[in-house]
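None of these values were measured; they are calculated from a predicted model. Here is how names work: the chains are called A, B, and so on, in the same order as the sequence lines, proteins then strands, and each is numbered from 1.
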Amino acid sequence: MNVATHRVPHPTPAVSTTKINDLVLKIATANGSGSQSANLILMRAIFHMGIPVSSKNLFPSNIQGLPTWFTIRANEDGWIGQKTNVDVLIAMNAETAAQDLADLHPGAIVIINEALKRFVVRTDLTVFTVPFSKLVEQVCEDTRLRKMVANIIYVGVAAFLLYIEMDEVRNAITTQFARKPKAAKLNGDAAALGYSWAKEHLEEQSVCRLRRTNKTKGNIIIEGNEATALGALFGGVTFVSWYPITPSSSFAETLSYYLEKYRRDPDTGKATYAVVQAEDELAAIAMVVGAGWAGARAITGTSGPGVSLMAELAGFSYFAEVPAVIVDVQRMGPSTGLPTRTSQGDIAKAYQLSHGDCKHILLIPGNIRECFEFAGEALELAESFQTLVLLMTDLDLAMNKWLSEPFDFPNKLLARGKVLTAEDLGQDGSFARYRDVDGDGIPYRTLPATNHPNAGYFTRGTGHTESAGYTEDPVQWHNNLDRLAKKFDTARDRVPRPVIELVPRTKTGIIAYGSSDLAVREARRLLETRHELASSYLRLRALPVNHEVHDFIAGHPVVYVVEQNRDAQMASILRSEYPELAPRIRSVLHYNGLPIDAETIVSQIVDRQTSKEIKP
Amino acid sequence: MNVATHRVPHPTPAVSTTKINDLVLKIATANGSGSQSANLILMRAIFHMGIPVSSKNLFPSNIQGLPTWFTIRANEDGWIGQKTNVDVLIAMNAETAAQDLADLHPGAIVIINEALKRFVVRTDLTVFTVPFSKLVEQVCEDTRLRKMVANIIYVGVAAFLLYIEMDEVRNAITTQFARKPKAAKLNGDAAALGYSWAKEHLEEQSVCRLRRTNKTKGNIIIEGNEATALGALFGGVTFVSWYPITPSSSFAETLSYYLEKYRRDPDTGKATYAVVQAEDELAAIAMVVGAGWAGARAITGTSGPGVSLMAELAGFSYFAEVPAVIVDVQRMGPSTGLPTRTSQGDIAKAYQLSHGDCKHILLIPGNIRECFEFAGEALELAESFQTLVLLMTDLDLAMNKWLSEPFDFPNKLLARGKVLTAEDLGQDGSFARYRDVDGDGIPYRTLPATNHPNAGYFTRGTGHTESAGYTEDPVQWHNNLDRLAKKFDTARDRVPRPVIELVPRTKTGIIAYGSSDLAVREARRLLETRHELASSYLRLRALPVNHEVHDFIAGHPVVYVVEQNRDAQMASILRSEYPELAPRIRSVLHYNGLPIDAETIVSQIVDRQTSKEIKP
Amino acid sequence: MTTVMTDPLPTAPRDPKANRLGLVLKEYQGAESTLCAGCGHDAITSSIVKAFFEMGVEPYRVAKLSGIGCSSKTTNYFMGQAHGINSVHGRMAAVATGASLANRVLVSIGISGDGDTASIGLSHFLHMVRRNVPIIYVIENNGCYGLTKGQFSATADRGSVKKGGLVVNQSLPIDCCALAIQMGCGFVARTFSGDTKQVRTLLKAAIAYRGTAVLDIVSPCVTFNNHEGSTKSVAYARENEDPLHEIGFVPHYEQITVEYDSGTTKVVEMPDGSTITLSKLDHDYDSHDRIRALALLDKAREELLFYTGLIYYNGAMAPLDQQMNLVDEPLATLPESRVRPSRETLAEIMESFQ
Amino acid sequence: MTTVMTDPLPTAPRDPKANRLGLVLKEYQGAESTLCAGCGHDAITSSIVKAFFEMGVEPYRVAKLSGIGCSSKTTNYFMGQAHGINSVHGRMAAVATGASLANRVLVSIGISGDGDTASIGLSHFLHMVRRNVPIIYVIENNGCYGLTKGQFSATADRGSVKKGGLVVNQSLPIDCCALAIQMGCGFVARTFSGDTKQVRTLLKAAIAYRGTAVLDIVSPCVTFNNHEGSTKSVAYARENEDPLHEIGFVPHYEQITVEYDSGTTKVVEMPDGSTITLSKLDHDYDSHDRIRALALLDKAREELLFYTGLIYYNGAMAPLDQQMNLVDEPLATLPESRVRPSRETLAEIMESFQ
Ligand SMILES: Cc1ncc(C[n+]2csc(CCOP(=O)(O)OP(=O)(O)O)c2C)c(N)n1
Ligand SMILES: Cc1ncc(C[n+]2csc(CCOP(=O)(O)OP(=O)(O)O)c2C)c(N)n1
Ligand code: SF4
Ligand code: SF4
Ligand SMILES: [Mg+2]
Ligand SMILES: [Mg+2]
């Protein structure tokens, strides 16, 4: 067989300037084929070349054999949000090759398995054909491993074509297989083979290249679930209960791993924490509520279906005022939906989870550091406000690899909220569990096993007096609900404040939250450069909102609320918070399961601007 | 002991005109004491005197011994909504007597058990003291029954004082104890004794009196749960699953009773329905979904906590497009809350029940006839739209006795929606389960056991193609969600339209829904007569809303949304439906567990009107 | 000597490859599996296809029900002509209860996993059994949560080692067979996905049975729970399977007269006329003795024994639809005249409220 | 002859009415009951008060947990000084799991109903038992849903008649004792609210036990399930109660030496040094034999027999907190230094992500 390089001449651009350190690389494989290691090695090598890099792993909801795409974006200026315009495709999956190629923009580079050559029908692409199956035979004798090792070969090929340093590839391989020297050797050989084969057989390309810089010094690459788990670890979590569900499982699993490692008593080897894999989400939240009631710092992690199941206990936590934290790693719903696709579809539901009047504190990290910080903060707020706090991440944040500054050690001591000890109660201290002593709506509590005759009280989800007695009295019921509303108002200025970037004199504001941040920031740049539309930006980091949000909307005649759901859930919340400002709120909505990208935001905003508002 | 009548002189009014057929009578007892029969007898007697009458039973969440209040309102003009200003109190409960008396307005009449005489400290009431314990000894030998029979004595006393016809009292007793002649006799004697004793010992009063009229001819007295059950019965329900919960249990129990009675095959005695008392609400809704999928007309009934538990399956019904009906008899939440108090606190929650993007059709009966009609309609719409429909009633409607015109036999045939039979599929009919063939967003379905090789399809809550195959494709996901949104839009003009009463030239509109109707109508009259504030009125009967709601709000610069919850749930929905109209929406909120009354509405509206808007 | 005489009027197929309905095996197949190569669940799928084919069940009459999990996906991989519902995690037993009452003529088969049944769905499973919902309820038991990547499930044996070798399960496993017996189930079997003959025979008997038939099938997860130290691996199951008897099944419509040695073979007559034969192997086991069955399962759990076969059988209990005395026709498609009472009835009721 | 020697250092109270802590009965009481006069649950409440009083448990160390129902309300009616949580319907077992891990020193007592446990809470109940959460789990079993006005619950006996006399229960009852044994429970008892001596003795033994102790107490609902034809009425229970043995209990701290006839009395030594004695009555029952216990319960269910006593005991299994090897101090109140790893640890972790 003739192993040759297809070189299809570029139709555009005539004058091709090489893009440096600005790359979108997409790798199409099947899951369970071991391609994940290869992809991470590529990513890590780029990272260690000092180039900001991110990846999006688009995987199916099964275990083996279905199409998977891994997209690496490297950009020296830090524009590493989701981007659908691919520069380089590595096509390894016959099932999707036709579509993968069809989706490319003219001029894109394709590295394709020779066996898939037949799918190359376009002439406007730069195609490099590689005989992976043949090559792999040279390095790997075990036929069962060949499929996996073939993947590492493309790492070498890509390294050659894109100018990724082979030293960094080797380092990355060593790291990846730190505990498996045999595998490290095998993979190292395979990568080297790919590189040398490419060097020998392929022409260099000058469409886009990478080169060492210094933009990632000291940074880390980490997944959101790992960050959240670490946040809980350093937030002093003592109780975890969970039920497996994609994409939240790795939160609990990572947390368990670190707890096991770092939270055993040095003297006795005993655990300073408890983790229970519950029988379902109803039990998981019930255990968390039980633990929170007894005084533990308790957390559970789940996703949409689990959140639905936790609804009843959420209302109990709210009304009986028991601390609890749910990490909701949002995936695409409704129903089972797309378990391996991202979404911000639970925002409105989580905000008012449960029947009857109740609203919850939501923390919404917009980046990986905030996953860490807000996990601790969630535990903190749950105890301070004696209520349920939901930490709203999503699959994009939680299961993709993100570049981040390393996390800071918490700069304040653990706050345990208004807890009265036996000493606090004093000789004959009277104690009214649900009295608003401080005028902030937050009452005092005691913990079970407090050795004082007045410490005990009866926690219930039914109507209660200030001293926790049962009552059906209309006035007491009403007053208690009002106090809870007041407590919620107190939270407005205690939850993480929005991050605001005001641009003078613009009429346009953008509000976004969570994982949309990078795409929004890139969109703002594009709006400004392409459409001369400058925009202010407010990134919500929590609910309930505070006056800053009000003022931001009030300060901009047109405000776009960007969100990754169909029903404009956050816009609805803002509209009912600020009815007088409702008319100025418009929605940018994205809900196909992929992370939102800058172009989507730009095009929707441009579409919705009236002719007066935007230059053509 | 001296059995005398305390006659405290009225301080006000100097010129007392007797109120005719305008009475609020409140009876304070303990539950489990059998007072319920006595109260119903009083109510029924008034009803048969032709006077419009309603009752509110305020009972505790336990079985025996706690305070209960039963309030009867009789009003010739039909103003029989909740009213807190009591004309006559029958005070039988020592535990509450002090407060019951304190709550009265000057001039009120009190019929009080002699044993409670000590609680009478006010001088501005007309008090009649009755030696119930002594009297009951005369008619009832069985000491265990005396407590119960004493209650019937107050029926006689009240009949005398209020001019309730004893013939009607006797008839009511006969009806009440139709199957227990011994009890009928005993109670008849007790009532007669009460009457004759009163005639002998008490002075007549001229504060308020009842007299026969003809305003209730042909009417019925019925509870909402009974009406809903009958609606389901005549709506052709074939499957019921439920789990007991106050205040919805009597819906399922009444339905079971009538099914047993009227839905057995006349020839074989076999059942044309199935009722399952499920192990919990998760199972109840799952069974309904299973039955709906298999083609039954299936319904479940529950209240807030159950609705929370049904959240996950609600999303499945929405997304997999399986017909299902939940009757949500709303009680006061959050959490267990006040199980025997009313509320409209689940509206927003039910509307978007479940995680992810989904919205449901809500039918909201505003009176007892609509409980009947909308139950059938809910089954109809669930099948027509292949989705979950929630029928939102509340404890006030569901468990109180309401006056109503009798129900009409349904005037249309049962609609089973777009179901394809084997014949419809034809020889080689292709069939795409989720294709929008008719442009209304509603696809076609087949039922299991349809004898055609193309009939079978695979129902799933995961991403699916038009032909129900599995897909994670972003475009197909997006399009399917859009089709579901379109289907929801189709529903806007298929659900019960709002009832609108437009008053020309007024700036003020009122929007209300559900059991608030009577109070709102009375409030409008009071606003007009007392405050010269005329108002238009729109009663929402369903969600999603349609253009008529838009136009109504657009037509009134100020619109009050009256609701029985704290968080202005319907107002929020309207604000996000019509952001441009959001600023004109104001809220009237009532959430103490009692049914809303006209005065509450009036005072909140008057408070919220700016000086320009209302005359002082 | 016991002589079994069955239904003398067979429907002999013409096409040698077709079944008594004239359908071929392909018509009992479904979509292509997307499970991992070698997954035990796929073997069960094949057995289901064959059992239904061989029994000649009309595919359109079958309702396939499942929850969520790799196991639950398999309902898509057999009998593509049948209606299927892949509901939500843990609730299939309740969904099936509704479906089977809505349409009595359905032959319901539910496929669940050990997570789906013994964790999140435990209560519904038990209540379904207690009600005796007519369904073949298959638990594809791999001791782990396959689809969420291999966490221990509640059926993982005590001492079972997790992939990676670091974690050992401490908890007592839930034995779904024992619980089913406890809830009054009349058809309880345990088998192994790799013992395709036994699986198929049990499935055929379950098809003939009306009521809840529970089949707890050990079905290895080759990706996450197939290592040394796992008691649900292919190797472990193969080595340890200990059949209580050799099972045979003769459907009611097959005109065969077979002679059995009553000393070594027990014959179970089913209400529909079909016959299960249990031939003695190493054990002398009686599938009719509830307490003995519980004792056997208790021993198996304590000593990590893997008995397979028909653990318990009792054909006496009426299925739910019969308990409820439903009309013969499916409720789903009763005409208006049978489900809406008359105008006169309404009038009568209205009068009672006057 | 067996001689029982217990803890030689008693804390003898001074006040003849006080217990070993010097507390009087009143200090173990709670709010006034709002249940119906005569409700079985109130009798159990009294027994709980006495058992904790007599055992000298510090009230502040007690955690009272419940779900929703008349039964679940009763946690408010005893030990007013203790913390209580009246959670949501059916989830108490899970709430208790969290609470007991959060604070190991708590003596947890959970009160549930037959609806709360055997219907909506069945799965959590079973999983709690399986985990061996340290708790005294009392099921106040009246065969019906009291608080929602008397519907049959899943423990209603087959053939039991509903109030009004028209409806007869067809379903097999769920036997919580049998299921608990099946889930590996080491302390399973059935008793009758009216047999206050037995209830109290069992409660005291349960207090001494560490692990899940299940007490299924038949507790008549005098309002909805106390009529002729009910098998959970006061009269029925009184007439049919058949104690398996006469139970005695000697707490570890009581310095007494008693001699028993080993032919008629079995002595059960508990890990904490307390002793249960089971003296023979009509039956010759062995509370250590799991299969025998299951057989007994099976027979009782079939034949509507009402055996009471300690159905099964096995003190070997470690409670959950021990299985998890938790630090001795309550997790709830560990200081920051023990629950937040150091700055250096964070640095180390950060490095691993570079
Ligand atoms: C409410 C809910 N919780 C969690 C999940 C995630 N989930 C999907 S499958 C599964 C477990 C599957 O285990 P099992 O039933 O044993 O099936 P297997 O994959 O092992 O065949 C879980 C926990 C879910 N889909 N829904
Ligand atoms: C989620 C939910 N569903 C239903 C109810 C209504 N409910 C309250 S108590 C109860 C049953 C109580 O029965 P049981 O546990 O046997 O207690 P009992 O009253 O008989 O002592 C039910 C169904 C509820 N509170 N919450
Ligand atoms: S993960 Fe396990 S259970 Fe799932 S398909 Fe793969 S082998 Fe089967
Ligand atoms: S209803 Fe029954 S269970 Fe409830 S308090 Fe009354 S007697 Fe007890
Ligand atoms: Mg499994
Ligand atoms: Mg009960």
Side-chain angles (χ1 to χ4, degrees), chain B residues 218-222 230 233-239 241 258 262-263 265 268-274 276 278-280 282-283 286-298 312-313 316 406-407 409-410 413-414 446-453 455-462 470, chain C residues 27 31 34 58-65 68 75-76 79-88 90-103 105-106 123-124 126-127 131 321 324-328 330-334 336 338-341 343 345-347 349-351 353-354:
Chain B
N219 283 1
I220 58 173
I221 286 186
I222 189 170
L230 290 172
L233 178 74
F234 284 88
V237 72
T238 47
F239 183 84
S241 180
Y258 283 113
Y262 293 115
R263 286 278 296 280
D265 192 281
T268 62
K270 292 185 169 188
T272 63
Y273 66 91
V276 184
E279 58 272 27
D280 58 22
L282 297 155
M287 288 179 197
V288 162
V289 163
W293 171 75
R297 254 166 122 92
E312 190 190 11
L313 260 300
F316 181 82
F407 308 150
F409 192 77
L413 293 180
L414 293 179
T446 54
L447 301 184
T450 300
N451 188 354
H452 189 290
Y457 70 94
F458 198 74
T459 303
R460 45 158 59 89
T462 42
Y470 183 70
Chain C
E27 290 168 280
T34 61
E58 297 96 326
Y60 82 88
R61 281 218 303 140
V62 174
K64 306 175 297 180
L65 304 111
I68 300 285
T75 43
N76 196 25
M79 283 185 277
Q81 288 180 29
H83 275 71
I85 183 165
N86 190 193
S87 63
V88 305
R91 316 289 167 214
M92 179 265 280
V95 171
T97 304
S100 74
L101 290 172
N103 192 330
V105 313
L106 290 173
S123 179
H124 308 305
L126 298 179
H127 282 273
R131 293 187 179 103
D321 53 334
M324 288 190 157
N325 195 21
L326 299 190
V327 290
D328 298 341
L331 297 181
T333 46
L334 290 177
E336 171 150 356
R338 299 184 68 185
V339 299
R340 175 178 272 169
R343 192 177 288 272
T345 301
L346 181 61
I349 295 170
M350 285 298 97
E351 213 169 300
F353 284 99
Q354 273 173 355

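- Scored by the side-chain contact (heavy atoms from CB on, under 4.5 Å) test, C:A63 finds B:W293, C:L65, C:L106, C:S108 as partners (sequence neighbours excluded).
- Both the backbone and the side chain of B:R460 come within contact range of chain C, judged by heavy atoms closer than 4.5 Å.
- With hydrogens and angles disregarded, no donor-acceptor distance shorter than 3.5 Å links the side chain of C:Q81 to the backbone of B:A455.
- With a 4.5 Å cut-off on non-hydrogen atoms, B:L413 touches chain C through its backbone and its side chain both.
- When every heavy atom of B:A286 is checked against every heavy atom of C:A94, the shortest pair comes out as CB-CB, 3.6 Å.
- Both the backbone and the side chain of B:T272 come within contact range of chain C, each with at least one heavy atom under 4.5 Å from a heavy atom of that chain.
- Taking 4.5 Å as the limit, every side-chain heavy atom of B:Y470 sits out of range of all side-chain heavy atoms of C:N86.
- Under the side-chain contact (heavy atoms from CB on, under 4.5 Å) criterion, C:A31 pairs with C:N76, C:Y77, sequence neighbours left out.
- In this structure, the separation between CZ on C:R338 and OH on B:Y273 is 13.5 Å, given to the nearest 0.5 Å.
- If you measure heavy-atom distances from C:L101 to chain B, the contacts under 4.5 Å come from the side chain alone.
- Proximity to chain C is limited to the side chain of B:F239, based on heavy atoms less than 4.5 angstrom apart.
- When heavy atoms are compared at a cutoff of 4.5 Å, B:N219 approaches chain C solely by way of its backbone atoms N, CA, C and O.
- Both the backbone and the side chain of C:T75 come within less than 4.5 Å of a heavy atom of chain B.
- Of all the listed residues (C:S87, C:A96, C:P59), the one sharing the greatest number of non-hydrogen pairs under 4.5 Å with chain B is C:S87.
- Using a 4.5 Å heavy-atom cutoff, the side chains of B:L447 and C:H83 are not in contact.
- In this structure, chain C has a heavy atom under 4.5 Å from the side chain of B:F316, while its backbone stays farther away.
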